[in-house]
Amino acid sequence: MRLRYSLRSLGPLLAATLAATLTQACTERAPALQAGDAARGVALMTAFRDSLPANSGNALRCVSCHLDNGTRATAMSWLGTAARYPRYRARPGYEETLARRINECIARSLAGKMLPEDGQEMRDMLAYFETMRASARPAPVDSVKLIGDVAHGEVGYAGQCARCHGANGAGLPALVAPAVWGSESYAIGAGMARQYTLATFVRHNMPFDHADTLTAQEAADIAAYVLTQPRQDHPGKERDWPKGDPPVDVAYATAAAAAAGKPSPSERPLLPRRVSPDSLISRH
C-alpha cells in the first residue's frame, strides 16, 4: 500500500507548527536584505579589490577614474547621475538601470565579475549615488577629438606620467596611482580604452598634481601611446553597439558594424581575461 502524506493530513495544529518551523529555518539561512548604506557603498567603491575580491579582476577601484569619490566635475562625475536612470544607452542597445550601469563598469573598467543587482553590495552603492541625486550635473568638458602620435606620446608619458604610473604602466600603489595598462588595468571594453575618452580625461585631470597643464595634442599623444599597450580582453565585446553605430574611436570590431560594412579598427594587444564577467554580459 502506498502512503501519501501532506501537511493537511497531519492535522491543522501540527501542520501550522511545521510550516512555522520551515519558515523560521529558511529565514535564518537567508537573512533579509537591509536598506542601502551609502557610507558602506562609497567604501566598497574606494577599496573594491579588498572589499570584493571575488568580483575584482584588476587593481583598479571605481574612484581610480571617477575622482574625488565621483564628485570631480572633469572626471566623469557621479553628481546627478541617479536622476538620469533608467536610460537608453547605445553600447548595450537597450535601456539600462543604474545597477546595470554600475555592473558594466565592474565588468569593463575593473575587468571583474558583475554583482547580483538585488544584492546588498549593489544596494549600498546605489545608496551612495542617491546622496547625489539632487546635485546639478557638471557642464561637459571640452572633448579632445584628435589623433595621437604614438612616438610623441611615449616621450610625453615618460616625462609626465611615469613618475606616478610607472615606466611599465603598472602603477605605484604607494601613491595610490593606478595601472594604466597590463593585467592590473582596465579591459579593452572599458570607456577609457577609447582614444577620445582617454585623451579628454588626461587633458583635464592629469598629471594629478598639475591638472589642466597639458595641451590637447599632448594629451592625445599620451593616450595613443598608452592604448597601444596590452590589457585584458572583454568577452562579448563584439556584441556591443548592436545597431551598428559604434563611435569612431572604439578599440575593437563589432559584429553589427562589420555587417554594415564599416571598417574595423586596428587590433590591439590583449591579455587573457582573469575573471569571467558572468552571464549578464550577453544580455541583449
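- Cluster annotation: V42 and L115 are assigned to the same hydrophobic cluster (Ile/Leu/Val/Met/Phe/Trp/Tyr, side-chain heavy-atom contacts under 4.5 Å, transitive).
- For the pair C164 and A177, the tightest heavy-atom approach, listed with the atom from each and the gap, is O-CB, 3.1 Å.
- R274 contributes atom CZ, which lies 7.0 Å from atom OG of S56 (distance to the nearest 0.5 angstrom).
- A side chain to side chain donor-acceptor pair (under 3.5 Å) check over residues 132-154, counting only residues at least two apart or in different chains, returns the pairs T81-R137, E130-R133.
- Minimum heavy-atom separation, P235 to R273: CD-CD, 3.9 Å.
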| request: Check the pair R100 / Y94 against side-chain contact (heavy atoms from CB on, under 4.5 Å), numbers first and verdict last. | output: CA-CA 11 Å; R100 171 65 187 185; Y94 54 76; 3.0 Å; yes

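- In this structure, Q160 and H210 have side chains that are not in contact, with every pair of non-hydrogen atoms separated by 4.5 Å or more.
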| Full working for side-chain contact (heavy atoms from CB on, under 4.5 Å) between Q34 and R123 | CA-CA 8 Å; Q34 303 298 312; R123 287 172 182 249; over 6 Å; no

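- Nearest heavy-atom pair, A199 versus A219, reported as atom, atom and distance to 0.1 Å: O-CB, 3.5 Å.
- A donor-acceptor pair is defined here as one N or O able to donate and one able to accept, closer than 3.5 Å; such a pair exists between the side chain of R108 and the backbone of G189.
- One hydrophobic cluster holds both L67 and M45 under the rule that ILVMFWY side chains link at heavy-atom gaps under 4.5 Å.
- What you find for Q232 and S183 is that their closest heavy atoms are NE2-O, 2.9 Å.
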| request: Let me see the working for T228 and R268 under side-chain contact (heavy atoms from CB on, under 4.5 Å), right down to the final yes or no. | output: CA-CA 6 Å; T228 63; R268 302 229 189 125; over 6 Å; no

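- Scanning all heavy atoms of the two residues, the minimum distance from M122 to P116 falls at CB-O, 3.6 Å.
- Rounding to the nearest 0.5 Å places CZ of R61 at 10.5 Å from OG of S51.
- A salt bridge does not link R203 with E218: every distance from a Lys NZ or Arg NE/NH1/NH2 to an Asp or Glu carboxylate oxygen is 4.0 Å or more.
- Remark: R89 CZ to D240 CG distance equals 9.5 Å, nearest 0.5 Å.
- Judged by distance alone, with hydrogens and angles left aside, the side-chain atoms of E238 form no donor-acceptor pair with the main-chain N or O of T254 at under 3.5 Å.
- Rounding to the nearest 0.5 Å gives a distance of 7.5 Å between CG of L60 and OG of S109.
- Using a 4.5 Å cut-off on side-chain heavy atoms (C-beta onward), S77 and R72 make no contact.
- Between C62 and L110 the shortest side-chain heavy-atom distance falls below 4.5 Å.
- Going from atom CD1 of I102 over to atom CD1 of I106 covers 7.0 Å, rounded to the nearest 0.5 Å.
- In this structure a side-chain-to-backbone donor-acceptor pair under 3.5 Å is missing from D278 to K113.
- Under a 3.5 Å cut-off, the side chain of H165 and the backbone N or O of A170 do not form any donor-acceptor pair.
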| Where do E96 and R87 land on the side-chain contact (heavy atoms from CB on, under 4.5 Å) test, with the steps shown first? | CA-CA 5 Å; E96 282 190 327; R87 64 190 289 250; 5.8 Å; no

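- Clustering of Ile, Leu, Val, Met, Phe, Trp and Tyr by side-chain heavy atoms under 4.5 Å joins Y196 with I147, V248.
- Here the straight-line distance linking atom CG of L44 with atom CZ of F48 works out to 8.0 Å at 0.5 Å rounding.
- Formation of a donor-acceptor pair under 3.5 Å by the S185 side chain with backbone atoms of A179 is found in this model.
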| field | Residues Y252, R194; criterion side-chain hydrogen bond (donor to acceptor under 3.5 Å, both in side chains); working and verdict | value | CA-CA 9 Å; Y252 47 88; R194 291 170 48 187; over 6 Å; no

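- A 4.5 Å side-chain heavy-atom check between M132 and T71 finds at least one atom pair inside the cut-off.
- Between P207 and L214, some side-chain heavy-atom pair lies under the 4.5 Å cut-off.
- Classification of D209 and R163 as a salt-bridged pair holds, one side-chain N sitting under 4.0 Å from a carboxylate O.
- Without hydrogens or angle criteria, D124 side chain to D37 main chain gives a donor-acceptor distance under 3.5 Å.
- Within the 4.5 Å cutoff, the side chain of F129 has no heavy atoms near those of the Y85 side chain.
- Under a hydrophobic clustering in which Ile, Leu, Val, Met, Phe, Trp and Tyr are joined whenever their side-chain heavy atoms come within less than 4.5 Å, directly or via other members, V226 and L271 fall into different clusters.
- Contact of the P230 side chain with the L270 side chain is not registered, since no non-hydrogen atoms from C-beta on lie closer than 4.5 Å.
- Both F208 and L198 are part of a single hydrophobic cluster, where members link through side-chain heavy atoms under 4.5 Å apart.
- Using bins of under 30°, 30° to 60° and over 60° for the plane-to-plane angle, the ring pair W181/Y157 lands in the tilted bin.
- In this structure, F201 and M206 have side chains that are in contact, with non-hydrogen atoms separated by less than 4.5 Å.
- A donor-acceptor contact shorter than 3.5 Å is absent between the side chain of N69 and the backbone of V63.
- Note on V141: it does not cluster hydrophobically with L79, by side-chain heavy-atom contacts below 4.5 Å among ILVMFWY residues.
- The nearest pair of heavy atoms linking A256 to G244 is CB-N, 3.4 Å.
- Taking the ring axis of Y186 as reference, the NZ or CZ atom of R231 stays within 45° of it and closer than 6.0 Å to the ring centre.
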